[in-house]
Colleague: 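Pasting in a structure now, in structure tokens, and then I'll have a few things to ask.
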2 protein chains.
Amino acid sequence: MRMDTSVNPQTPRHITIGAVARRAGVGIDTIRYYERENLLPPPRRRASGYRDYGPDVVERLRFIRRAKDLGFTLQEIRELLTLSTDRERGVKSVKQRAEARLGEVEQRIRELQRVKRGLKQLIDACPGHGALEHCPILRALGGEEGA
Amino acid sequence: MRMDTSVNPQTPRHITIGAVARRAGVGIDTIRYYERENLLPPPRRRASGYRDYGPDVVERLRFIRRAKDLGFTLQEIRELLTLSTDRERGVKSVKQRAEARLGEVEQRIRELQRVKRGLKQLIDACPGHGALEHCPILRALGGEEGA
DNA sequence: CTAAACCCTCGACCATGGTCAAGAGTCAAG
DNA sequence: CTTGACTCTTGACCATGGTCGAGGGTTTAG
């Protein structure tokens, strides 16, 4: 059904930063921020100085949003975007980045599971009433705060 | 056993902020920062204006460190500390905070496991070479914006 | 006494990921 | 032409958890 998107009334030739922001679901300031941070290439400008975007930027912004949802930092996303313009060599590296990120995620899950076990032990041991001296949570956190 | 700790050579009567920092394993600036942020009560001062701490503050700092390791924010720790001075009512609330924190930790673990699955799928599907157009990682991030 | 080591306050700065305000220019509709 | 909505740049500000420097005063050892 998408026979000709170039003259699509939904995607006019010149779209301003506001239109981009609405389409991508981000704030205008966020777009300018990403440009400053080299996550978006500087767009061409109209005579007035207004930024004049092609529709590709909306894709790029969605890329950024999804990567962010997967826990990539903007720094990592910047690297992914750089790689993705490097044909052929890019794919290998992108996969490696994703694998590295996976390792980090797994590491973080293990850490949190350790924290979870620690909290659980304390909660199970805590009667929920009585003197503070008998609260295992405070005792565990404070050490021997008997004094 | 604890007959007289006040003249213990290990814990002199007046300990300066530097001594506290060494004993608790934190920086001097951190102690002053915690004081500003109401995590530590303002100590009394010597005539010179120097902070003059009792040994309790070291316990309190260790409490803070352990709670931080369990993933509590300073805000949450501040609340725990406030509660822990509220005898009897404190224990109940402390247990509740710990339970709430446990819930957050479990939630975060679930989120990360979802992220992990997402990354894994992409990595498994990626050949690691070839044209960028065929890289499922970039495709997934960039999305099908068919609409 | 002197010098080193310590302490004081105040305020600036780091990264992260934006958000907002001021003051000025631009664009589209009526 | 005017009005209102939009955009421009610059620079400040938010929270988080500190860290560091400047420019003083204090304490302690020799």
Side-chain angles (χ1 to χ4, degrees), chain A residues 9 12-54 57 60-81 101 104 108, chain B residues 9 12-54 57 60-81 101 104 108:
Chain A
R13 266 169 339 329
H14 52 222
I15 63 178
T16 59
I17 194 170
V20 171
R22 274 191 299 280
R23 278 152 215 241
V26 300
I28 287 176
D29 287 337
T30 304
I31 295 175
R32 287 197 277 244
Y33 172 69
Y34 286 171
E35 184 181 328
R36 276 200 303 285
E37 296 295 314
N38 299 314
L39 288 152
L40 296 177
R44 60 198 179 82
R45 302 292 186 117
R46 298 199 214 169
S48 61
Y50 281 24
R51 287 171 180 80
D52 198 3
Y53 290 98
V57 75
R60 205 172 167 102
L61 279 166
R62 290 192 181 148
F63 180 107
I64 294 169
R65 222 183 43 201
R66 290 178 211 190
K68 237 155 51 72
D69 288 345
L70 286 180
F72 289 89
T73 65
L74 293 191
Q75 171 58 40
E76 291 167 328
I77 295 168
R78 180 166 30 234
E79 288 165 11
L80 285 175
L81 287 167
R101 176 74 198 136
E104 288 163 18
R108 184 66 184 143
Chain B
R13 265 167 343 326
H14 52 225
I15 61 177
T16 60
I17 195 170
V20 172
R22 275 192 298 279
R23 278 153 215 240
V26 301
I28 287 178
D29 286 337
T30 304
I31 295 175
R32 287 196 277 244
Y33 172 69
Y34 286 172
E35 184 182 327
R36 278 200 301 286
E37 296 295 314
N38 299 313
L39 286 153
L40 296 176
R44 60 199 178 81
R45 302 293 185 116
R46 296 200 216 169
S48 61
Y50 282 22
R51 287 173 179 79
D52 197 3
Y53 291 98
V57 76
R60 204 172 167 102
L61 279 166
R62 289 190 182 146
F63 180 107
I64 293 170
R65 223 185 41 203
R66 289 176 213 191
K68 237 156 52 70
D69 288 345
L70 286 179
F72 289 88
T73 64
L74 292 191
Q75 170 58 41
E76 291 167 328
I77 295 168
R78 182 166 28 235
E79 289 165 11
L80 286 174
L81 287 167
R101 176 72 198 138
E104 288 163 20
R108 184 67 183 144

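Note that this is a predicted model, so its numbers are computed, not measured. In what follows, chains are A, B, ... by sequence order, proteins preceding strands, each numbered from 1.
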Colleague: For B:Asp69, give me all partners under salt bridge (Lys or Arg N to Asp or Glu O under 4.0 Å), at least two apart in sequence or on another chain.
Modeller: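 Once residues adjacent in sequence are excluded, B:Asp69 has no partner under the salt bridge (Lys or Arg N to Asp or Glu O under 4.0 Å) criterion.
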Colleague: In whole Å, what is the span from the CG atom of A:Asp52 to the C1' atom of D:dC8?
Modeller: 14 Å
Colleague: Out of curiosity, B:Leu40 CG to B:Tyr34 OH, how far, rounded to the nearest 0.5 Å?
Modeller: 8.5 Å
Colleague: Is the shortest side-chain heavy-atom distance between A:Arg108 and B:Arg108 below 4.5 Å?
Modeller: no
Colleague: Would a distance-only check, ignoring hydrogens and angles, find a side-chain to backbone donor-acceptor pair under 3.5 Å from A:Arg62 to A:Gly25?
Modeller: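 No, A:Arg62 side chain to A:Gly25 backbone: no donor-acceptor pair under 3.5 Å.
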Colleague: I need the B:Asn38 CG to B:Leu74 CG distance, nearest 0.5 Å.
Modeller: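 That separation rounds to 11.5 Å.
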Colleague: In sequence, state the C-alpha distance, the side-chain angles, and the governing distance for A:Thr73 and A:Glu76, and then conclude on side-chain contact (heavy atoms from CB on, under 4.5 Å).
Modeller: CA-CA 5 Å; A:Thr73 65; A:Glu76 291 167 328; 3.4 Å; yes
Colleague: Anything under 3.5 Å between a protein N or O and an N or O of nucleotides 25-30 of chain C, put it in a table, one pair a line.
Modeller:
residue, atom, partner, partner atom, Å
C:dG25, N2, A:Tyr50, OH, 2.6
C:dT26, O4', A:Tyr50, OH, 3.4
C:dT26, O2, A:Tyr50, OH, 3.4
C:dC27, OP1, A:Ser48, OG, 3.2

Colleague: Whole angstrom is fine here: how far is it from CZ in A:Arg78 over to C1' in C:dA15?
Modeller: 12 Å
Colleague: Would you please name every residue forming a side-chain hydrogen bond (donor to acceptor under 3.5 Å, both in side chains) with B:Glu37, sequence neighbours left out?
Modeller: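 Per chain and number, B:Glu37 pairs via side-chain hydrogen bond (donor to acceptor under 3.5 Å, both in side chains) with no residue.
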Colleague: Listed by chain and number, what are the side-chain hydrogen bond (donor to acceptor under 3.5 Å, both in side chains) partners of B:Arg22, not counting sequence neighbours?
Modeller: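 Scan of B:Arg22 (side-chain hydrogen bond (donor to acceptor under 3.5 Å, both in side chains), adjacent residues dropped) gives none.
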Colleague: Measure the distance from CD on A:Glu37 to P on C:dG18 and round it to the nearest whole Å.
Modeller: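 Taking atom P of C:dG18 as the reference, CD of A:Glu37 is at 10 Å.
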Colleague: In whole Å, what is the span from the CD1 atom of B:Ile31 to the C1' atom of C:dC7?
Modeller: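 Computing the B:Ile31:CD1 to C:dC7:C1' distance gives 12 Å.
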Colleague: List in chain and number order the residues that pass side-chain hydrogen bond (donor to acceptor under 3.5 Å, both in side chains) with A:Arg65, two or more places apart in sequence or in another chain; answer none if no residue qualifies.
Modeller: none
Colleague: If the condition is salt bridge (Lys or Arg N to Asp or Glu O under 4.0 Å), which residues does A:Arg46 pass it with, not counting sequence neighbours?
Modeller: none
Colleague: Could you work out, with side-chain contact (heavy atoms from CB on, under 4.5 Å) as the rule, every residue matching A:Val20, not counting sequence neighbours?
Modeller: A:Ile15, A:Ile31, A:Tyr53, A:Val57, A:Val58, A:Leu61
Colleague: Angle between the end axes of the helix from C:dC1-D:dG30 to C:dG30-D:dC1, five pairs per end, to the nearest 10 degrees?
Modeller: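 Axis-to-axis angle, ends of the helix: 20°.
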Colleague: Atom CZ of B:Arg22 and atom P of C:dA5: how far apart are they, to the nearest Å?
Modeller: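 Answer to the nearest Å: 13 Å.
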Colleague: For the pair made of CZ in A:Arg45 and C1' in D:dC6, what is the distance, rounded to whole Å?
Modeller: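 One finds 14 Å between C1' of D:dC6 and CZ of A:Arg45, rounded.
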Colleague: Taking CD1 from B:Ile17 and P from D:dT27, how many angstroms apart are they, rounded to a whole number?
Modeller: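 Spelled out: CD1 on B:Ile17 to P on D:dT27 is 15 Å.
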Colleague: Would you kindly give the CD1-to-C1' distance between B:Ile28 and C:dC8, to the nearest whole Å?
Modeller: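 One finds 11 Å between C1' of C:dC8 and CD1 of B:Ile28, rounded.
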Colleague: Between A:Arg32 and D:dC8, is there a side-chain N or O to OP1/OP2 distance below 4.0 Å?
Modeller: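 Yes.
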Colleague: What nitrogen or oxygen pairs link the protein and nucleotides 16-20 of chain D at under 3.5 Å?
Modeller:
residue, atom, partner, partner atom, Å
D:dG17, N7, B:Tyr33, OH, 3.4
D:dG18, OP2, B:Tyr34, OH, 2.7
D:dT19, OP2, B:Thr30, OG1, 2.6

